[in-house]
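These notes are about the structure you will find just below.
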Number of protein chains: 2
Amino acid sequence: MEDTDREIVRLLAHDGRMSYTDLAKATGLSTSAVHQRVRRLEQRGVITGYAAQVSSDAIGLPLTAFISVTPLDPGAPDDAPQRLAGMTEIEACHSVAGEESYILKVRVGSPGDLEDLLARIRAAANVRTRTTVVLSTPYESRPPAV
Amino acid sequence: MEDTDREIVRLLAHDGRMSYTDLAKATGLSTSAVHQRVRRLEQRGVITGYAAQVSSDAIGLPLTAFISVTPLDPGAPDDAPQRLAGMTEIEACHSVAGEESYILKVRVGSPGDLEDLLARIRAAANVRTRTTVVLSTPYESRPPAV
DNA sequence: TGTGAAAATTGTGTCCC
DNA sequence: GGGACACAATTTTCACA
């Protein structure tokens, strides 16, 4: 990827609502040229979308945890991600190498809610869980060095 | 939080560049009312910012891993997050309860790059590491149920 | 790929309810 | 809190280099 594109991606990763006018000023191009490049970056799948960042604290979900999940019946078809997809507390689901099958990242309101969620996860996906509670988050969602 | 605010947050979490005009249509309010609400949501810290979502695959970082980190010298002041902050491969750093002190989420280009990164992390923060490689990601960055 | 300009659409403040 | 309007700014498209 070219330097100008890199710069555009960097700027938009930092402020997803930045106007084409400002992007143009920042890159020394015309607005139409910037616009064109952004469109291409979207088409090529470099930029996959734009999102408002929501504070989980502010919406009453101050407790984050990682839950490692292991199927209890290794013979059964493993469709844990789909079985868990409906639980909105689950922000991410990664299939991983190692002792366990999946790592989930979850956000809940309280330890009690976490307890409930764990019970639902175990029941829905027939898994064993191992939970690591997050105490604080020095940083998160840092955009990659493009 | 009120239903309309909830809806606005939900819409902007899904499409961070949605116009106030479209938000107004979607919520049945006028653009000025929507604008006002969005401003308030930003001020109250519910919406903390807007970001373009960048595909790590598309920019040459196809390998994701979680690295659990344990200080080797429990007596030394623990400033691992700051010591690691300069490494752009590290997307997130969580302080956690449990056997280990931190969980890092990292994105690299290849197993070789991961090996390099681990060496740099160990050297910079004087820690032991335990790495879990991500094989696939059924979902990630799902917005919370507001 | 980029530029510049025109047209369509939005953003943003003000006034009033 | 919300609506309507007006003016400024931005987005979007197009012809041309």
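Residue numbers begin at 1 in each chain, while the letters A, B, ... track the order of the sequences.
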Does the pair [X]/[Y] count as a salt bridge with the N-to-O cut at 4.0 Å?
X      : Y      : value
A:E115 : A:R122 : no
A:R39  : A:E42  : no
B:R142 : A:E91  : no
B:R37  : B:E2   : yes
A:K105 : A:E89  : no

Counting distance only, does the side-chain N/O of B:Y20 pair as donor-acceptor with the main-chain N or O of B:V38 below 3.5 Å? no

**Request:** Would you check if the side chain of B:D78 reaches a backbone N or O of B:A80 as a donor-acceptor pair within less than 3.5 Å?
**Result:** yes

Atom pairs, N/O to N/O, protein against nucleotides 1-4 of chain D, distance under 3.5 Å?
unit_1	atom_1	unit_2	atom_2	d
D:dG2	OP1	B:R37	NE	3.3
D:dG2	OP1	B:R37	NH2	2.3
D:dG2	OP2	B:R37	NE	3.0
D:dG3	OP2	B:S30	N	2.8
D:dG3	OP2	B:S30	OG	2.8
D:dA4	N6	B:S32	OG	3.1

Decide whether a cation-pi geometry holds between A:R83 and A:Y102; the criteria are a distance under 6.0 Å from NZ or CZ to the six-membered ring centre and an angle within 45° of the ring axis.
no

Would you say B:H35 reaches C:dG11's phosphate, i.e. side-chain N/O to OP1/OP2 under 4.0 Å?
no

Checklist entry - Between B:R39 and C:dG13, does any side-chain N or O lie under 4.0 Å from OP1 or OP2? => result yes

Under a 4.0 Å heavy-atom cutoff, the residues of residues 18-27 of chain B touching DNA chain D are none

To the nearest angstrom, the CZ-P distance between A:R17 and C:dT10 comes to 12 Å

